[in-house]
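Working notes, beginning with the structure itself.
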Amino acid sequence: MHHWLMKSEPDEFSFQELERKGQEPWTGVRNYQARNFMRAAKVGDLVLFYHSNCEEPGIVGVARISKEAFDDPTQFEPKSDYYDAKSTKDDPRWSCVEVSFHQAFKRLVSLPDLRACAALKDMLILRPGNRLSVTPVTAAEFKAIAGLGGIRK
DNA sequence: GCCAACGTTGGC
DNA sequence: GCCAACGTTGGC
């Protein structure tokens, strides 16, 4: 089992919205590295849900991979923001996974919280200029963050 | 709204 | 295949 961290702008799609809907296809990722991480994700993998570009950036809870990588439908939709004219059905460029709500944190784990935790000093997300929207997280990092969020994993 | 970091594009 | 220009991300 792998662990992941996925970023979302709450104005676009928030953790609360995931809780309400139950599950959501994670479409619109247009970065090859992030895409490759999604292709490696398996059903049941746990996902740290990160709110970015907002008042209080940080991790708000845990989601779960509920469907493994499949073709991101938005790449074929000319009207979509994520349309990719260079992608064909025979050779699609972009994948997505489906994520499901799993468990909300008791408290937000903010960026300063993450930075203050010695066990997390190697996290990809904390590296300057990191912009990947999907990154792998080690089991130890996952456990430490769940602890900071007030849930036991 | 600024700006640093970084991926992508395209001319050569 | 190099690299400058450009666009995007995301914290502050």
Side-chain angles (χ1 to χ4, degrees), chain A residues 2-21 23-41 45-65 68-99 101-138 140-142 144-150:
Chain A
H2 288 97
H3 298 84
W4 309 97
L5 183 147
M6 290 181 162
K7 286 196 269 198
S8 184
E9 302 190 15
D11 288 348
E12 297 291 322
F13 187 77
S14 70
F15 192 58
Q16 289 71 28
E17 207 171 335
L18 181 66
E19 177 166 24
R20 195 159 43 71
K21 293 174 80 170
Q23 71 286 316
E24 180 77 2
W26 208 256
T27 57
V29 173
R30 295 292 179 269
N31 170 285
Y32 287 106
Q33 244 185 304
R35 179 203 70 182
N36 292 343
F37 287 136
M38 283 199 295
R39 288 182 175 176
D45 284 357
L46 295 179
V47 178
L48 295 166
F49 200 106
Y50 181 95
H51 279 170
S52 67
N53 221 347
C54 55
E55 200 156 320
E56 233 187 335
I59 298 165
V60 288
V62 180
R64 191 179 150 277
I65 302 289
E68 280 163 36
F70 56 99
D71 296 346
D72 180 342
T74 62
Q75 69 193 306
F76 304 123
E77 295 165 8
K79 278 181 289 183
S80 167
D81 286 346
Y82 302 114
Y83 177 64
D84 184 345
K86 293 180 186 156
S87 190
T88 64
K89 299 235 177 185
D90 288 339
D91 187 21
R93 284 190 174 186
W94 306 112
S95 302
C96 62
V97 293
E98 184 188 79
V99 299
F101 179 82
H102 184 70
Q103 190 176 5
F105 279 179
K106 290 210 173 69
R107 65 191 87 95
L108 172 97
V109 180
S110 71
L111 216 42
D113 293 340
L114 295 171
R115 292 193 197 282
C117 182
L120 303 175
K121 64 177 173 46
D122 295 325
M123 276 190 79
L124 292 175
I125 197 82
L126 299 182
R127 296 231 290 250
N130 166 67
R131 301 184 318 180
L132 277 181
S133 59
V134 182
T135 51
V137 170
T138 68
E141 287 165 346
F142 184 90
I145 292 168
L148 292 173

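Naming convention: chains lettered A, B, ... in sequence-line order (proteins, then strands); numbering from 1 in each chain.
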| field | side chain to side chain contact (heavy atoms under 4.5 Å, CB included) evaluation trace for A:Y83 with A:Q75 | value | CA-CA 4 Å; A:Y83 177 64; A:Q75 69 193 306; over 6 Å; no
| Applying salt bridge (Lys or Arg N to Asp or Glu O under 4.0 Å), which residue pairs with at least one partner in residues 70-85 of chain A are found, sequence neighbours left out? | A:R30-A:D72, A:D84-A:R93
| A:D113: side chain to side chain donor-acceptor pair (under 3.5 Å) partners, not counting sequence neighbours | A:S110
| said: Run the side chain to side chain donor-acceptor pair (under 3.5 Å) test against A:H3 and tell me which residues pass, sequence neighbours left out. | reply: none
| remark: A:E98 meets the side chain to side chain donor-acceptor pair (under 3.5 Å) criterion, sequence neighbours left out, with A:S66
| task | Apply side chain to side chain donor-acceptor pair (under 3.5 Å) to A:S80 and list each qualifying residue two or more places apart in sequence or on a separate chain. | result | none
| task | Determine, for A:F101 and A:K21, whether the Lys NZ or Arg CZ falls below 6.0 Å from the six-membered ring centre while staying within 45 degrees of the axis. | result | no
| request: Classify every nucleotide of nucleotides 5-12 of chain C by which part a protein heavy atom approaches to under 4.0 Å, writing B for the base, S for the sugar-phosphate alone and - for neither, in 5'-to-3' order. | output: --BBBBSS
| message | Near DNA chain B, counting only heavy atoms under 4.0 Å, which residues of residues 69-89 of chain A show up? | response | none
| request: Indicate, with yes or no, if the rings of A:F49 and A:W4 have centres closer together than 6.0 Å. | output: no
| Where A:V29 and A:R35 come nearest, the two heavy atoms and their spacing | CG1-N, 4.1 Å
Enumerate the protein-to-nucleotides 1-4 of chain C contacts in which both atoms are nitrogen or oxygen and the separation is below 3.5 Å.
none

| task | Taking the side chain as every heavy atom from C-beta outward, state whether A:L124 and A:P136 have any atom pair closer than 4.5 Å. | result | yes
| Where along residues 27-40 of chain A does a heavy atom come under 4.0 Å from DNA chain C, residue by residue in number order? | none
| Relative orientation of the end axes in the helix from B:dG1-C:dC12 to B:dC12-C:dG1, expressed as an angle to the nearest 10° (five pairs per end) | 10°
| Residues that A:E141 engages under salt bridge (charged side-chain N to carboxylate O under 4.0 Å, His left out), provided they are two or more places apart | none
| note | Contacts of A:K121 meeting salt bridge (charged side-chain N to carboxylate O under 4.0 Å, His left out) (sequence neighbours excluded), chain-then-number -> none
